[in-house]
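Heads up, the thing below is written out as structure tokens.
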Protein chains: 2
Amino acid sequence: MEKRSKIPEPTVARLPIYFRCLIELKENGVAVASSEDMAARAGVKASQFRKDLSYFGEFGIQGLGYPVSHLLDRISSIMQLNKEHEVIIAGAGNLGSALLNYPGFQKWGFKITRVLDNNPQKIGKKLGDITIEDIQDIPKNLNSSIGIIAVPASAAQQVAQTLIQSGVKAILNFSGKKISPSKDIVVRNVDMTHELAILTYYLSVENK
Amino acid sequence: MEKRSKIPEPTVARLPIYFRCLIELKENGVAVASSEDMAARAGVKASQFRKDLSYFGEFGIQGLGYPVSHLLDRISSIMQLNKEHEVIIAGAGNLGSALLNYPGFQKWGFKITRVLDNNPQKIGKKLGDITIEDIQDIPKNLNSSIGIIAVPASAAQQVAQTLIQSGVKAILNFSGKKISPSKDIVVRNVDMTHELAILTYYLSVENK
DNA sequence: ATTGATTTGTGAAAAATTTGTCAATATAGA
DNA sequence: TCTATATTGACAAATTTTTCACAAATCAAT
Ligand SMILES: NC(=O)c1ccc[n+]([C@@H]2O[C@H](COP(=O)([O-])OP(=O)(O)OC[C@H]3O[C@@H](n4cnc5c(N)ncnc54)[C@H](O)[C@@H]3O)[C@@H](O)[C@H]2O)c1
Ligand SMILES: NC(=O)c1ccc[n+]([C@@H]2O[C@H](COP(=O)([O-])OP(=O)(O)OC[C@H]3O[C@@H](n4cnc5c(N)ncnc54)[C@H](O)[C@@H]3O)[C@@H](O)[C@H]2O)c1
């Protein structure tokens, strides 16, 4: 089955969960895991785990289960986590700084190479190893394919355009402002305020 | 239609998007918006917007559209955004500090009342108005219903238990570690590393 | 080599969600 | 008051996603 595309987006969103489980199993020295084991760890049904994998090929051994190390390699490769990816952060504020300092990204192969801002007080300052650069001075056609938007909502659209001009093909947008869709650019939005609101909704439902 | 519960979770997840759009419309002085207008702003189909609302009641005027202010009130009330909610942050690290300083939560009625940590070097220090407290000293039965987990993955489960013991009923978990489900506790996970991985997956699909 | 115990991969069924359609209805203007 | 226009609310259809259930495959033991 070599049909990349038209893979259900919920399936894609579960791959990183499986990836994380496999890393844990590998660290624990587990060589083989059944779909039942994996599903329990991942918090899904075993049939769903198997169906998800089936979109990409056959990775298990019937009667036995899945060789952890091999499956990890395959999922790595499917998600491109076997390569390093350069990431640009736009916005050296509270969130941008937290993201920059986060070592977890490195472990998954995400390397933050630039941090951009438009505040003259920040430009030129160092955050860890990285010097904050003026977003206006950013060259076209960098080879970072991923950009993170950590600027205020009011600047999000414009900053998205700047990132795209510099060669970014995928955007993780924390601003809460919708980025108008551009051809061939993948955007994901993370809105923490929404998450809190969803919680309060369910709180009110729980209490009948 | 008074059936709270069994409302599709994608519907619930879109309510905050609609809420945000309505705030914007109200700020722009728009009194009435059609489902077409709303949907375009929210990035969904008009029929979906109408369907989503239909789970909660009838808020529109046929031939005219939706009175912005009234709909905003209703969605506020449905999502409980017409009340203030106290929030406890566990983990006064990079992310916890960013969240604490974020004024956007206040605007939606989320008030961060406590920040907890277990690091003696941090306990007692001030972050803005708030003094970091020892997570071990936290009283039972506080009236914060929401807790945010911003501690390392290895501590997430234990911290979740502590939060629950202190009366928290809903958890926003940033740790990337699954919290084992507890009765009547709502959990949402935000995993930024996963988001980046999903982006790289789609990048590879885009490029055929 | 045969048997028994497992567990995968998948086609089909079921469930959930999205989208299309249109009668009903409200408004504004004649 | 009547008519033309716009737009909702809901039902039905279409699509997507999850779950079921079992034949096929592998292994270990005899
Ligand atoms: N901090 C949080 O916990 C949090 C939570 C939810 C959402 N967010 C969202 O994340 C984004 C960043 O939040 P933050 O708390 O880091 O804000 P912040 O104000 O601390 O930082 C924003 C940074 O962006 C820079 N900036 C502004 N306009 C710019 C432009 N045009 N080009 C380049 N840089 C520009 C500012 O100089 C500042 O350094 C915001 O959109 C916010 O709504 C943050
Ligand atoms: N910083 C980011 O941008 C980012 C991105 C993705 C995920 N995360 C996740 O968010 C969480 C927090 O990240 P961070 O960067 O703020 O980490 P951090 O190390 O900066 O902060 C963690 C804080 O938790 C405290 N802590 C540790 N164990 C504790 C315990 N048992 N009880 C109370 N406090 C405890 C530490 O003292 C520290 O202050 C981590 O799970 C991380 O994986 C962070």
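Letters A, B, ... mirror the listed sequences (proteins, then strands); counts begin at 1. Worth saying up front: this structure is predicted, and the values here are computed from it rather than measured.
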Protein-nucleotide distance ([X], atom [atom1]; [N], atom [atom2]), rounded to Å:
{"X": "Glu9(A)", "N": "dT18(D)", "atom1": "CD", "atom2": "C1'", "value": "15 Å"}
{"X": "Lys45(A)", "N": "dC20(D)", "atom1": "NZ", "atom2": "C1'", "value": "10 Å"}
{"X": "Ile61(A)", "N": "dC27(D)", "atom1": "CD1", "atom2": "P", "value": "6 Å"}
{"X": "Leu64(B)", "N": "dA6(D)", "atom1": "CG", "atom2": "P", "value": "12 Å"}
{"X": "Phe56(A)", "N": "dT10(C)", "atom1": "CZ", "atom2": "C1'", "value": "16 Å"}
{"X": "Asp37(B)", "N": "dA6(D)", "atom1": "CG", "atom2": "C1'", "value": "12 Å"}
{"X": "Gln48(A)", "N": "dT8(C)", "atom1": "CD", "atom2": "C1'", "value": "16 Å"}
{"X": "Phe59(B)", "N": "dA10(D)", "atom1": "CZ", "atom2": "P", "value": "11 Å"}

Sugar-phosphate, base or nothing in reach of Phe49(B), heavy atoms under 4.0 Å: nothing
Sugar-phosphate, base or nothing in reach of Ser47(B), heavy atoms under 4.0 Å: base
Answer yes or no: does a side-chain N or O of [X] lie under 4.0 Å from OP1 or OP2 of [N]?
{"X": "Tyr66(B)", "N": "dG9(D)", "value": "yes"}
{"X": "Arg14(B)", "N": "dT18(C)", "value": "yes"}
{"X": "Ser35(A)", "N": "dT8(C)", "value": "yes"}

Nearest listed nucleotide, side chain of Arg50(B), among dG9(C), dC22(C), dA12(C):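 It is dC22(C).
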From dC11(D), dA10(D), dT17(C), nucleotide with atom closest to Pro8(B) side chain: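 The closest nucleotide is dT17(C).
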Donor-acceptor contact present, side-chain Asn173(B) to main-chain Ser175(B), <3.5 Å: yes
Check: Ser77(B) main-chain N/O paired with Gln80(B) side-chain donor or acceptor under 3.5 Å: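 Pair found, side chain donor or acceptor close to backbone of Ser77(B).
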Residues 86-109 of chain A, side-chain donor-acceptor partners within the protein, below 3.5 Å, at least two apart:
residue	atom	partner	partner atom	Å
Ser97(A)	OG	Gly93(A)	O	2.6
Asn101(A)	ND2	Ser97(A)	O	3.1

Most 5' of Lys51(B) and Ala33(B) on DNA chain D, judged by nearest nucleotide: Ala33(B)
Pairs where residues 184-199 of chain B contributes a residue and the test salt bridge (charged side-chain N to carboxylate O under 4.0 Å, His left out) is met, not counting sequence neighbours: Arg20(A)-Asp191(B), Arg188(A)-Glu195(B), Glu195(A)-Arg188(B), Glu9(B)-Arg188(B)
Note, Glu133(B) side chain near Val115(B) side chain (heavy atom, < 4.5 Å):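 Counting from C-beta outward, Glu133(B) and Val115(B) never come under 4.5 Å.
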Any N/O donor-acceptor pair, Gln62(A) side-chain to dT26(D) base, under 3.5 Å: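 Side chain to base: no pair below 3.5 Å.
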